[in-house]
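What follows is a single structure, written as structure tokens, with notes after it.
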Amino acid sequence: QVQLVESGGGLVQAEASLRLSCAASGRTFSTYVMGWFRQAPGKEREFVAAVSRSGGSRRYADSVKGRVTISRDNAKNTVYLQMDRLKPEDTAVYYCAAYYCSGVACDAYLQDRTYQYDYWGQGTQVTVSS
């Protein structure tokens with residue numbers, strides 16, 4: 001079991017930056033692939049980024065590639081989402097998520113579907129004004 005708590009959301013203007021954090025409980029954080037998803041009003045939850053257990057592999061949605069960086073600090077049980085050059089269309093509730101991963105192969109392909117993630121945080125609101 002792992003519990004996830006996001007922080008760092010807020011109201012910013014377009015072109016600003018934000019860094020979201022997700023603190024995880026438990027001593028096995030490094031055995032989970034971590035991801036960020038977002039959900040805008042009236043839309044389905046969508047994948048933003050994922051990072052492998054060691055942090056060595058990352059995957060991004062095309063809509064954020066080049067503007068977003070996912071990272072993790074296993075010593076602090078924390079995953080981050082650095083967002084730069086924010087756009088109004090980035091406005092959404094951002095969720096941290098995790099799935100357990102064992103074996104070498106599971107880091108070769110990082111999942112991007114909501115049903116593949118077993119644990120979720122409560123979300124943090126990001127609002128970007130134009």
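Basis for what follows: all heavy atoms, side chains included, without hydrogens, waters or symmetry-related copies. We count residues from 1, following the sequence as given.
Closest approach of A24 to V2, counting heavy atoms only: CB-CG2, 3.8 Å. Residue L4 comes nearest to C22 through the heavy atom pair CB-SG, 3.8 Å, listed as atom of the first residue, atom of the second, then distance. For Y60 against V68, the heavy-atom pair with the smallest separation is CE2-O, 3.2 Å. Contact record, V48 with L81: CG1-CD2, 4.1 Å, taken as the closest heavy-atom pair. In terms of heavy-atom proximity, R19 sits nearest to Q82 at CB-OE1, 3.4 Å. Scanning all heavy atoms of the two residues, the minimum distance from D73 to F29 falls at O-CE2, 4.1 Å.
Between atom OH of residue Y100 and atom SG of residue C106 there is a gap of 8.5 Å, rounded to the nearest 0.5 Å. Note that OH of Y32 is 4.5 Å distant from OH of Y119, once rounded to the nearest 0.5 Å. To the nearest 0.5 Å, the span separating CG on D107 from OG on S102 amounts to 10.0 Å.
Judged purely by atom type and a 3.5 angstrom limit, T78 uses its side chain to pair as donor or acceptor with the backbone of K76. Looking at R72, its side chain never comes within 3.5 Å of a backbone N or O of V33 through a donor-acceptor pair. Judged purely by atom type and a 3.5 angstrom limit, S25 uses its side chain to pair as donor or acceptor with the backbone of Q3. In terms of modelled atom types and a separation under 3.5 Å, the side chain of R58 and the main chain of A49 share no donor-acceptor contact. A donor-acceptor pair is defined here as one N or O able to donate and one able to accept, closer than 3.5 Å; such a pair exists between the side chain of R59 and the backbone of L110. For T124 (side chain) and G9 (main-chain N/O), a donor-acceptor pair under 3.5 Å exists by modelled atom type. Remark: the backbone N or O of S7 is not paired with any side-chain donor or acceptor of S21 at under 3.5 angstrom. Checked by atom type and distance alone, the side chain of E6 pairs as donor or acceptor with a backbone atom of Q122 at under 3.5 Å. In this structure, Y117 contributes its side chain and Q111 its backbone to a donor-acceptor pair below 3.5 Å. With T127 contributing its side chain and L11 its backbone, the two residues share no donor-acceptor pair below 3.5 Å.
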Working for side-chain contact (heavy atoms from CB on, under 4.5 Å), residues C101 and R53: CA-CA 8 Å; C101 182; R53 295 169 295 175; 3.8 Å; yes
Derivation and outcome, side-chain contact (heavy atoms from CB on, under 4.5 Å), residues E15 and D84: CA-CA 7 Å; E15 297 300 314; D84 300 315; over 6 Å; no
Evaluation steps, side-chain contact (heavy atoms from CB on, under 4.5 Å), between W36 and C96: CA-CA 5 Å; W36 286 95; C96 176; 4.1 Å; yes
Chi angles and distances behind the side-chain contact (heavy atoms from CB on, under 4.5 Å) call for R67, D90: CA-CA 11 Å; R67 300 188 297 118; D90 293 319; 2.7 Å; yes
Criterion ring-ring contact (aromatic ring centres under 6.0 Å, His included) on W120 and F37, from CA distance to verdict: CA-CA 10 Å; W120 293 84; F37 289 75; 5.0 Å; yes
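In this structure, L20 is a member of the same hydrophobic cluster as V12, with clusters built from ILVMFWY side-chain heavy atoms closer than 4.5 Å. At a threshold of 4.5 Å between side-chain heavy atoms, the hydrophobic network of Ile, Leu, Val, Met, Phe, Trp and Tyr places Y80 and L18 in two separate groups. In the hydrophobic cluster analysis, where Ile, Leu, Val, Met, Phe, Trp and Tyr join through side-chain heavy atoms closer than 4.5 angstrom, I70 is grouped together with V126.
Taking 4.5 Å as the limit, every side-chain heavy atom of E89 sits out of range of all side-chain heavy atoms of V128. For the pair S71/V51, no side-chain contact is recorded, criterion being any heavy-atom separation below 4.5 Å from C-beta on.
Contact check on K65 versus D62 returns a salt bridge, with a Lys/Arg side-chain nitrogen under 4.0 Å from an Asp/Glu carboxylate oxygen.
Using modelled atom types and a 3.5 Å distance limit, the side chains of R38 and Y94 yield a donor-acceptor pair. Side-chain contact of T114 with Q116: a donor-acceptor pair under 3.5 Å is absent, judged by distance alone.
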